[in-house]
Amino acid sequence: MEKKIAFITGATSGIGKACAISLAKEGFAIIACGRRKERLVQLEKELPKGTPYTYLNFDVRIKNEVYAAIDSLPEEWQEIEVLINNAGNAHGLDPIHEGSEDDWDAMIDINVKGLLYVSKKITPGMVKRKSGQIINVGSSAGKEVYPRGNVYCGSKSAVDAITTGMRIDLNPYGIRVIGIHPGLVETEFSMVRFKGDEEKSEKVYQGFEALQAEDIADIITFAITRPRHVVIADMLVYPLAQASTTIFNKKG
Ligand code: NDP
Ligand code: 8X3
C-alpha cells in the first residue's frame with residue numbers, strides 16, 4: 001500500500017466514523033471496524049473518492065473473532081501505521097449497588113479487553129517495523145469519577161493507565177502513543193448508555209453546545225499528523241460549557 005494505513009475501531013458511528021473521514025482526507029488508507037456491517041459498507045461512499053478502503057466486521061469482545069478478522073487482512077493491508085482504539089460505550093448509569101452485571105461485563109469487555117485484544121494483534125508489527133502510532137480514546141470519565149459512573153469511569157481509568165503503560169513499553173521502538181479524553185460528545189453514546197431511550201439521551205446534550213464527533217476527529221488527526229518527534233501524550237477535551245464531569249454551564 002502506497003498510503004499509510006489507519007485502523008479504526010468503532011468506525012460505524014460517532015468519533016470513529018468521523019476519524020475515518022478526517023484521516024482519509026489527510027491521505028490515509030482506511031481499515032474501518034465495527035459490528036454493523038451495513039454501516040461499514042456505507043462508509044466507503046462517504047470517504048473522498050479513491051481512498052483505499054477495507055473493513056473488518058467483528059465484535060471486540062470476542063477474542064477469536066478479533067484475531068481471525070485481523071489475520072484475514074490481505075498482505076497489502078497488513079502494515080498498519082495508525083491504530084485508533086475507539087470502540088467503546090457506557091452501558092447504564094446506576095448506583096453501584098443497583099448495577100447490572102451484564103452492563104459491567106459489557107464495559108469491561110469492550111472498553112478494556114477489546115482494546116487489549118486489538119492492540120495485541122497490531123502492536124507486534126509496529127514493534128518489528130519500529131514505526132507506528134496508537135491513539136486510545138479514553139474519556140474525562142477516566143480522569144474524574146462522577147456519581148453513578150462507577151464501572152464506566154473504572155473502564156476509562158483503565159484505558160488511561162494502559163495508555164501510559166503502552167507509551168512506556170513501546171518507547172524503545174519509536175511508537176507514538178496518544179491518549180485523548182473527551183468530555184460530552186453528541187454521538188450515539190447516550191442512546192447506547194440508556195438502551196435506546198431517546199428522551200433521556202437527548203437530555204444529556206440539552207442546554208449547551210456539546211462537542212461533536214468531528215471536533216474530536218479533528219484533534220486526533222492533528223495529533224497524528226505532528227512531526228514524528230512530537231507526542232501529544234494526553235489530552236482532556238471539554239465543550240466550553242463543561243468544567244468537570246459534573247459542572248456544566250447550562251441554559252434554561
Ligand atoms: P458511538 O456509540 O457513536 O460509537 C461507538 C462505536 O463503538 C460504534 O462504532 C460501535 O460500533 C463500536 N462498538 C461498540 N461496541 C462494540 C463491540 N462490542 N465491538 C466492536 N465495536 C463496538 O459513541 P462515541 O463515538 O461517542 O464513542 C466512541 C468512543 O469515545 C468510546 O470509547 C467512548 O467511550 C468514547 N467517549 C465518548 C464520549 C461521548 O460523550 N460521546 C466522551 C468520552 C469518550 P458497532 O455498534 O457497529 O459495533
Ligand atoms: C463520555 C463522557 O461524561 O458521559 O465518556 O462519561 S461521560
Side-chain angles (χ1 to χ4, degrees), residues 7-21 32-43 55-63 65-66 69-70 84-93 102-103 105-115 117-118 135-160 162-163 179-196 200-201 203-205 208 210-217 219-220 235-239 241-248:
F7 183 108
I8 305 164
T9 68
T12 55
S13 70
I15 295 168
K17 179 179 172 182
C19 284
I21 294 170
C33 308
R35 290 167 303 175
R36 286 169 291 182
K37 188 174 172 186
E38 66 291 351
R39 291 195 181 200
L40 294 169
V41 172
Q42 172 63 27
L43 177 58
Y55 65 81
L56 294 176
N57 183 211
F58 63 86
D59 184 333
V60 295
R61 294 175 77 161
I62 306 171
K63 187 166 53 181
E65 241 183 57
V66 176
I70 297 173
I84 304 184
N85 279 314
N86 163 77
N89 277 115
H91 292 261
L93 184 67
D102 287 347
D103 285 345
D105 286 344
M107 290 184 279
I108 301 293
D109 290 352
I110 299 167
N111 303 355
V112 183
K113 290 167 71 181
L115 176 150
Y117 296 155
V118 172
I135 294 81
N136 290 336
V137 179
S139 169
S140 54
K143 299 287 190 183
E144 185 197 348
V145 179
Y146 54 81
R148 294 177 291 145
N150 46 64
V151 177
Y152 178 65
C153 296
S155 74
K156 288 301 184 175
S157 191
V159 170
D160 193 16
I162 291 165
T163 303
I180 302 286
H181 306 277
L184 285 195
V185 191
E186 194 171 1
T187 62
E188 294 175 16
F189 178 87
S190 290
M191 282 291 278
V192 175
R193 164 167 259 173
F194 297 120
K195 305 174 199 311
K200 266 192 185 172
S201 305
K203 260 198 192 139
V204 174
Y205 310 108
F208 73 107
L211 291 166
Q212 299 300 307
E214 291 71 20
D215 297 322
I216 302 302
I219 288 164
I220 290 175
M235 199 187 264
L236 175 63
V237 187
Y238 282 138
Q242 184 172 6
S244 76
T245 54
T246 53
I247 298 171
F248 288 84

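Numbering of ligands and ligand atoms starts at 1, following listing order.
The protein atom (non-hydrogen) at minimum distance from atom 42 (C) of ligand 1 is Gly183 O, 2.9 Å. Residue, atom and distance of the protein heavy atom nearest to atom 44 (C) of ligand 1 are Gly138 O, 3.1 Å. From the protein, the heavy atom lying nearest to atom 28 (C) of ligand 1 is Asn86 OD1, 3.1 Å. Atom 41 (N) of ligand 1 has Val185 O, 2.9 Å as its closest protein atom, hydrogens excluded (heavy atom only). At the top of the distance list for atom 2 (O) of ligand 1, counting protein heavy atoms only, stands Asn89 ND2, 3.0 Å. Among protein heavy atoms, atom 3 (O) of ligand 1 sits closest to Ser13 OG, 2.7 Å.
Heavy atoms of Ala213 found under 4.0 angstrom from ligand 1: none, in either backbone or side chain.
Closest heavy-atom approach to atom 21 (N) of ligand 1 among the candidates Ala18, Ala87, Gly16: Ala87. Taking all heavy atoms of Gly14, Ala32, Gly88 into account, the minimum distance to atom 27 (O) of ligand 1 is reached by Gly88.
Geometrically, ligand 1 and Tyr152 share a nitrogen or oxygen pair separated by less than 3.5 Å. For ligand 1, one of its N or O atoms has an N or O atom of Arg36 under 3.5 Å away. Note: no N/O pair closer than 3.5 Å links Gly34 and ligand 1 by distance alone. Annotation: Ile15 places an N or O atom under 3.5 Å from an N or O atom of ligand 1; distance criterion only. Note: no N/O pair closer than 3.5 Å links Pro182 and ligand 1 by distance alone. Inclusion of Thr12 in the set of residues having an N or O under 3.5 Å from an N or O of ligand 1 is warranted. The shortest N/O to N/O separation between Arg61 and ligand 1 does not fall below 3.5 Å. Between Thr187 and ligand 1, an N or O atom pair is found at a separation short of 3.5 Å.
Under a 4.0 angstrom heavy-atom cut-off, Ala210 registers as lying outside contact with ligand 1. At least one heavy atom of Leu184 lies less than 4.0 angstrom from ligand 2.
Applying the 6.0 Å contact sphere to NZ of Lys143 captures more than 12 heavy atoms from other residues, nucleotides or ligands.
A distance of 10.5 Å separates CD1 of Ile15 from CD of Gln212, quoted to the nearest 0.5 Å.
Between the side chain of Asp109 and the backbone N or O of Gly114, no donor-acceptor pair lies under 3.5 Å.
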